[in-house]
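As structure tokens, the structure follows; a few thoughts come after it.
Order of listing sets the numbers, starting from 1, for every ligand and every atom in it.
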Amino acid sequence: MPLPEPVLTAEVEERRLDILVADITTLDVDAIVNAANTSLLGGGGVDGAIHRAACPDLLAECRTLHGCPTGEAKITKGYRLKAKHVVHTVGPVWSAAKAERNKELLASCYRTSLALAGKHRLASIAFPAISTGVYRFPADLAARIAVETVLSALPAKAPSLERVVFCCFNREAAVHHEDAFGELGLV
Ligand code: AR6
């Protein structure tokens, strides 16, 4: 099934970067990324939505992974999701006092998720706006880090990827990603 109409699309070296406003659990891509916590055993926000949509087998597979450190990522099957895989990554909890470290950790979430997509030779992946909900990372800064990191890491970490989706849950998040596309000269 085709994805919803993008808010904005950019072509970079024959790869497509899309900004969508959608519920990530509905997307028909090779992998969706989950903004999880270090236990990988579920939670609220996008994590809760993904576990509800995927079925309890996802939680059972997550139990075998023994958690995930902040800034890293692990992959599972997608079970009842349209997405074949879920890449679970753990974003930093925002703290202004540790802004530089938090920025590095958020970038690492995108890089390690892309590396897993590359390792599994996936062609398409959709990211939510990691850390911008319960973890309170400033949404404009997070969008800039997301787009910048995907742009720089994509060729080396995940040459198989033909399409990367920035899946925004609302229009406001999409505007931050649109701004980042503009600032980085993509449109
Ligand atoms: N589709 C796309 N985006 C979504 C969806 C959805 N279905 N639901 C929420 N968002 P959050 P975090 C957006 O809080 O800040 C969990 O309890 C949301 O609007 O899900 O990384 C975990 O277990 C926001 O922009 O993740 C962790 O404990 C973005 O997804 C903790 O929350 C991220 O919001 C992780 O916090």
Side-chain angles (χ1 to χ4, degrees), residues 1 3-8 17-56 58-59 61-63 65-74 76 78-83 85-96 98-99 101-113 124-147 149-150 163-180:
M1 206 177 76
L3 297 183
E5 196 60 31
V7 175
L8 191 61
L17 307 183
D18 286 320
I19 302 170
L20 297 188
V21 177
D23 174 350
I24 202 165
T25 64
T26 65
L27 299 185
D28 189 358
V29 284
D30 286 348
I32 60 171
V33 177
N34 183 14
N37 58 59
T38 54
S39 77
L40 295 188
L41 298 180
V46 71
D47 194 7
I50 288 172
H51 276 273
R52 277 193 300 277
C55 93
L58 176 62
L59 182 59
E61 186 177 355
C62 284
R63 284 191 201 286
L65 299 176
H66 307 295
C68 180
T70 303
E72 295 186 20
K74 294 194 176 177
T76 64
Y79 299 96
R80 287 193 198 142
L81 294 164
K82 286 186 188 145
H85 302 273
V86 179
V87 173
H88 306 261
T89 190
V90 184
V93 179
W94 175 256
S95 134
K98 293 185 185 157
R101 181 71 186 132
N102 286 171
K103 288 197 258 180
E104 279 168 29
L105 286 168
L106 186 63
S108 175
C109 289
Y110 286 90
R111 270 196 303 273
T112 54
S113 298
S124 56
I125 191 167
F127 286 94
I130 300 162
S131 280
T132 65
V134 176
Y135 284 177
R136 305 180 315 274
F137 206 106
D140 51 349
L141 182 56
R144 169 75 190 224
I145 292 168
V147 178
T149 308
V150 166
R163 190 170 190 185
V164 177
V165 173
F166 298 97
C167 179
C168 301
F169 207 35
N170 53 47
R171 197 53 207 128
E172 195 189 330
V175 168
H176 293 310
H177 286 78
E178 288 176 79
D179 289 347

Close approach of G91 to ligand 1, heavy atoms, under 4.0 angstrom: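 Contact check G91 vs ligand 1: negative.
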Is it the case that the side chain of [X] and the backbone of [Y] share a donor-acceptor pair, with hydrogens and angles ignored and the cut-off at 3.5 Å?
| X | Y | result |
| --- | --- | --- |
| K74 | C68 | no |
| N37 | S39 | yes |
| T89 | E72 | yes |

Should you measure from each heavy atom of [X], which atoms of ligand 1 turn up under 4.0 Å away?
| X | answer |
| --- | --- |
| A35 | 21 (O), 22 (C), 26 (O), 35 (C) |
| G44 | 16 (C), 17 (O) |
| D23 | 1 (N), 6 (C), 7 (N) |
| A22 | 1 (N), 2 (C) |
| G43 | 17 (O), 23 (O) |
| N37 | 22 (C), 23 (O), 27 (C), 28 (O) |

Rounded distance (nearest 0.5 Å) linking atom CG of L81 with atom NE2 of H51: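 Separation between the atoms: 10.0 Å.
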Short side-chain donor-acceptor distance under 3.5 Å, D140 and H176: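 Short answer, no.
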In terms of residue, atom name and distance, what is the protein heavy atom nearest to [atom]?
| atom | answer |
| --- | --- |
| atom 13 (C) of ligand 1 | F169 CB, 3.9 Å |
| atom 27 (C) of ligand 1 | Y135 OH, 3.5 Å |
| atom 21 (O) of ligand 1 | S131 N, 2.8 Å |
| atom 30 (O) of ligand 1 | V46 CB, 4.1 Å |
| atom 14 (O) of ligand 1 | V134 N, 2.9 Å |
| atom 29 (C) of ligand 1 | A129 O, 3.2 Å |

Listed partners of R101 passing side chain to side chain donor-acceptor pair (under 3.5 Å), at least two apart: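 Expected list: E104.
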Positive for side chain to side chain contact (heavy atoms under 4.5 Å, CB included) with C168, one of I19, V7, I24: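 Checked I19, V7, I24 against C168; only one passes side chain to side chain contact (heavy atoms under 4.5 Å, CB included): I19.
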When you measure from [atom] to each heavy atom in [options], which option holds the nearest one?
| atom | options | result |
| --- | --- | --- |
| atom 22 (C) of ligand 1 | V93, D47, T89 | D47 |
| atom 24 (C) of ligand 1 | T26, T132, I24, L27 | T132 |
| atom 34 (O) of ligand 1 | A142, P92, G133 | G133 |

Residues in ring-ring contact (aromatic ring centres under 6.0 Å, His included) contact with H177, at least two apart in sequence or another chain: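 Applying ring-ring contact (aromatic ring centres under 6.0 Å, His included) to H177 gives F166.
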Any side-chain heavy-atom pair of T38 and T70 under 4.5 Å: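 Heavy-atom side-chain distance check passes, below 4.5 Å.
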Sub-4.5 Å side-chain heavy-atom contact between L106 and F137: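 The answer is yes, as the side chains (C-beta and beyond) meet within the 4.5 Å cut-off.
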